[in-house]
There are 4 protein chains.
Amino acid sequence: MSPSAERRRELLSTAAEVFAAQGYNATTVRRIADEAGMLAGSLYYHFDSKESMVDEILSTFLDELWAGYEAVLGAGLGPRETVEALVTESFREIDRHRAAVAIYQKESKHLAAQPRFGYLTESQRRFERAWLGALERGVAEGVFRADLDIRLAYRFLRDTVWVAASWYRPGGQHSPEEIARQYLSMVLDGITPRERQEQQERRERP
Amino acid sequence: MSPSAERRRELLSTAAEVFAAQGYNATTVRRIADEAGMLAGSLYYHFDSKESMVDEILSTFLDELWAGYEAVLGAGLGPRETVEALVTESFREIDRHRAAVAIYQKESKHLAAQPRFGYLTESQRRFERAWLGALERGVAEGVFRADLDIRLAYRFLRDTVWVAASWYRPGGQHSPEEIARQYLSMVLDGITPRERQEQQERRERP
Amino acid sequence: MSPSAERRRELLSTAAEVFAAQGYNATTVRRIADEAGMLAGSLYYHFDSKESMVDEILSTFLDELWAGYEAVLGAGLGPRETVEALVTESFREIDRHRAAVAIYQKESKHLAAQPRFGYLTESQRRFERAWLGALERGVAEGVFRADLDIRLAYRFLRDTVWVAASWYRPGGQHSPEEIARQYLSMVLDGITPRERQEQQERRERP
Amino acid sequence: MSPSAERRRELLSTAAEVFAAQGYNATTVRRIADEAGMLAGSLYYHFDSKESMVDEILSTFLDELWAGYEAVLGAGLGPRETVEALVTESFREIDRHRAAVAIYQKESKHLAAQPRFGYLTESQRRFERAWLGALERGVAEGVFRADLDIRLAYRFLRDTVWVAASWYRPGGQHSPEEIARQYLSMVLDGITPRERQEQQERRERP
DNA sequence: CATGAATGAGTCTTCATTCAT
DNA sequence: TATGAATGAAGACTCATTCAT
């Protein structure tokens, strides 16, 4: 990687951190420059605009994310294993791109309105297809419950995973894999212990 | 209710809608005024500032939320029933105050930095205490699994519920109670059908 | 006086007080209304505009001032007695119209730019003529020193008297007449005791 | 001096001129910018706010003023010479900082209400102590008349000198020293010629 | 590559004024 | 006479962006 590309990457990383912490709109170009140890105007040697900074941050992140997702989706796994792998992969992405994920969460909705960010909507659709597909297959094969609204379950899973970016701190107590394991455990089996589930069931449908 | 209080409420409702849709920072006072059919300056007859608008929106919402929560917490329910009631109550609040909830989700973090919004932090703490308390009691009484990280479970539940405000539309297909029921079903029992859970378990711990 | 004229006078007095305390520009119509126990809009039943309020305050004051001055100037007094009488009359006006005088001092310069306030410039000219006339006559008659720049002396006298409005409080320790006496004493005879003046003189022009 | 400090000084000088001419409140930032040949927003590259402009203008002026005053007060002069030197120094300051003095006169009262401008009140107190001290010593030593209210005399002197800033134009007919000489002559000896003072006295206290 | 100094569009806010009731 | 609600023009300030050096 050329030294200028390296600098660029550093600057984007700084910018992402600030965007994630303060929100895109509330972040001034000057603040980013301060953090990078330069003057606001100087950033424009490296980037066309503030917008092109988020753009590059988000598209870089999504490219990596989809590389990981596609590997999972193309691996020929069963639906349950697919969901497990997608969740695990997601937490790994949160670990690697925490700031970008946080930005994506907070800003993608209103950024997507601009044509330049069309790929956000596109990505969301692919996302939905991947998850809904796995869930539907799972229901068909009997590995997921058939009595749940599948779209509701999809939103539940999606949100559940990504919101974690708002509190996750890399290098914390839990590895991404450990967090994924716990999340999956809750999502797949619930927080009620097995015995209790049986009692409960007997009580509800005698 | 006096007509002026009524007008105030209307305007706040309009403002909340715009804040929720565009974000607090990205929302101009002029946009709110447009939406309300008046000029930007006219809003200042009713409110001190843009900030005092969010303030009133959020504090009104939180007051109502806590009224509901306190009723639940004071009812002497068991931990599982408490969780069920809190979740149901939360979806009811999302139903009634969708915009306020969305604003709370997106903006409370950086608003809380200002002294004026200290009650946001305060509310978050009460929130945490209420949920963690119920979860801990549940684990102690054996109605929740003991093998999960309880703080992780708390975040999982909390986020899972409130993020729903980002996609929920009142008057849609599902009533808040129905959504709560499905969410609870997933959270408590998991998305894997019972029989499968047993098979899975036998495979994992033979 | 009709009751409405009485109310008008009250309101103008209130307005004058606020204008004097905060400055014309810095005074909001609302502040005046607050002080008068009504709403801002209500003032417009009594007055055309904020401007017309100062206008009436200043012109009323100047009318009375000139009535007093003309009486003095027409009395056929000698130059020294004229100066004494003008100074005394001025302090009486400060006593009666403190607020108006303060406004006149602070605002007349930039108000005078507007045609509506042409009378301010006019009044200033009359003022200058009256004082310069008395001083010139005094010099000619030998009752005032001939070695002083007469325009400088005029400004000295004028400022000296009117600035007092900035600290004078009616009903204070000194009556206007007493203040006038002391001011005249300083202006006419100086603050150096007689004997010293003679010594000083002998030293300077031996 | 660095070129940027020089620019800053130029801009402050322009601002001071406008503030003095129109009053602080009535002066728009845009007007200052116009006068400086730039756009309103550009001023904010150099200064934080309109307020910080007056702040810097006034504090710079007062710093210089007090440097001069302290030199006089520390010189071990007698009371009469002290008064002469203070008056002369004051007119020199008016010559150098006419605009700042005019602003000080008109605005210090209401600016002083803000904590940021506390030094104005402080300066006023030092001012009063310096002048009153000289006058009191003078009375004690018999070089000033004992029959005058000393606080009245103080105000008389103070106002008399500083109001001159409202009409003084640097480079005019009289040098500051010449104006000081004439003012002192009036203040110390009065505008009545010596012989007349004696006659007058004989008439009043036979 | 970076700085310093600006631009210009836009934001929140203020305030004198209007007017139906 | 006074109120309540608005208007509309203007003001201070912010900020992404530009560009000569």
Side-chain angles (χ1 to χ4, degrees), chain A residues 3-4 7-8 11 24-33 36-54, chain B residues 2-8 11 24-33 36-53, chain C residues 3-4 7-8 11 24-33 36-54, chain D residues 2-8 11 24-33 36-53:
Chain A
S4 97
R7 187 88 177 94
R8 197 183 176 74
L11 292 173
Y24 174 70
N25 277 298
T27 297
T28 69
V29 157
R30 201 184 140 188
R31 178 68 202 278
I32 298 171
M38 50 171 47
L39 291 180
S42 309
L43 278 175
Y44 287 79
Y45 177 81
H46 301 276
F47 304 99
D48 285 346
S49 63
K50 184 181 165 185
E51 208 178 78
S52 76
M53 287 187 232
V54 230
Chain B
S2 79
S4 94
E6 176 55 23
R7 186 86 177 98
R8 201 184 171 75
L11 292 172
Y24 174 70
N25 278 300
T27 297
T28 69
V29 150
R30 197 182 140 197
R31 179 66 203 280
I32 298 171
M38 50 171 38
L39 291 178
S42 308
L43 279 174
Y44 288 80
Y45 177 78
H46 302 275
F47 305 99
D48 284 344
S49 62
K50 183 181 163 186
E51 204 178 83
S52 78
M53 289 188 228
Chain C
S4 97
R7 186 88 177 95
R8 196 184 177 75
L11 291 173
Y24 174 71
N25 277 298
T27 297
T28 68
V29 157
R30 200 185 140 188
R31 178 68 202 279
I32 298 171
M38 51 171 47
L39 292 179
S42 309
L43 278 175
Y44 287 79
Y45 178 82
H46 301 276
F47 304 100
D48 285 346
S49 64
K50 184 181 164 185
E51 208 178 78
S52 76
M53 288 187 231
V54 230
Chain D
S2 78
S4 93
E6 176 56 23
R7 185 86 177 99
R8 201 183 172 75
L11 292 172
Y24 174 71
N25 277 302
T27 298
T28 69
V29 150
R30 197 181 141 198
R31 180 67 203 280
I32 298 172
M38 51 170 40
L39 291 178
S42 307
L43 279 175
Y44 289 81
Y45 178 78
H46 301 276
F47 305 100
D48 283 346
S49 62
K50 183 181 163 185
E51 205 179 84
S52 78
M53 290 187 227

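Letters go in sequence order (proteins before strands), and every chain restarts at 1. Keep in mind it's a predicted model, so treat the numbers as computed, not measured.
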* Asked: Want to settle it: does A:Ser42 or A:Asn25 sit nearer the 5' end of DNA chain F, counting the closest nucleotide to each?
  ->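 It is A:Asn25, whose closest nucleotide lies nearer the 5' terminus.
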* Asked: D:Gly41 or B:Glu51: which one's nearest nucleotide on DNA chain E is closer to the 5' end?
  ->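 So the residue in question is D:Gly41.
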* Along DNA chain E (nearest heavy atom to each residue), the more 5'-positioned of D:Gly37 and A:Leu11 -> A:Leu11
Calculate the interatomic distance between [X] atom [atom1] and [N] atom [atom2]; express it in whole Å.
X	N	atom1	atom2	result
B:Arg30	E:dT11	CZ	P	8 Å
A:Tyr45	E:dC1	OH	P	5 Å
D:Arg7	F:dT21	CZ	P	16 Å
B:Arg8	F:dA5	CZ	P	11 Å
B:Lys50	E:dC12	NZ	C1'	8 Å
D:Leu43	F:dG11	CG	P	14 Å
B:Phe47	F:dA6	CZ	P	11 Å
A:Ile32	F:dT17	CD1	C1'	13 Å

Looking at [X] and [Y], what are the two nearest heavy atoms and their distance?
X	Y	result
B:Met53	B:Ile32	SD-CD1, 4.4 Å
D:His46	D:Arg8	O-NH1, 2.8 Å
A:Ala33	A:Leu39	CB-C, 3.6 Å
A:Phe47	A:Ser52	CB-OG, 3.9 Å
A:Leu11	A:Ala36	CD2-CB, 3.5 Å
C:Ala26	D:Asn25	CB-ND2, 3.5 Å

* Scan every strand shown for a Watson-Crick or G-U wobble partner of F:dA20, both distances under 3.5 Å, and answer none if you come up empty. => E:dT3
* Who does E:dC12 pair with, Watson-Crick or G-U, both distances under 3.5 Å? ->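 E:dC12 is paired with F:dG11.
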* Considering just the side-chain nitrogens and oxygens of D:Tyr44, establish if one lies under 4.0 Å of OP1 or OP2 belonging to F:dT14. => no
* To do: For C:Ser52, answer base if it contacts any base atom (sugar-phosphate contacts may also be present), sugar-phosphate if it contacts only those atoms, and nothing otherwise; contact means non-hydrogen atoms under 4.0 Å.
  => nothing
Shortest side-chain distance from [X], nucleotide among [options]:
X	options	answer
D:Met38	E:dA2, F:dT17, E:dT7	E:dT7
C:Val29	E:dA16, F:dA16, F:dA12	E:dA16
D:Thr28	E:dT3, F:dT17, F:dA12	F:dA12
C:Leu39	E:dA16, F:dT7, F:dG4	F:dG4
C:Ser49	E:dA2, F:dA12, E:dT17	E:dT17
B:His46	F:dA5, F:dT7, E:dT17	F:dA5

* **C1' gap between E:dC1 and F:dT21, integer Å** => 12 Å
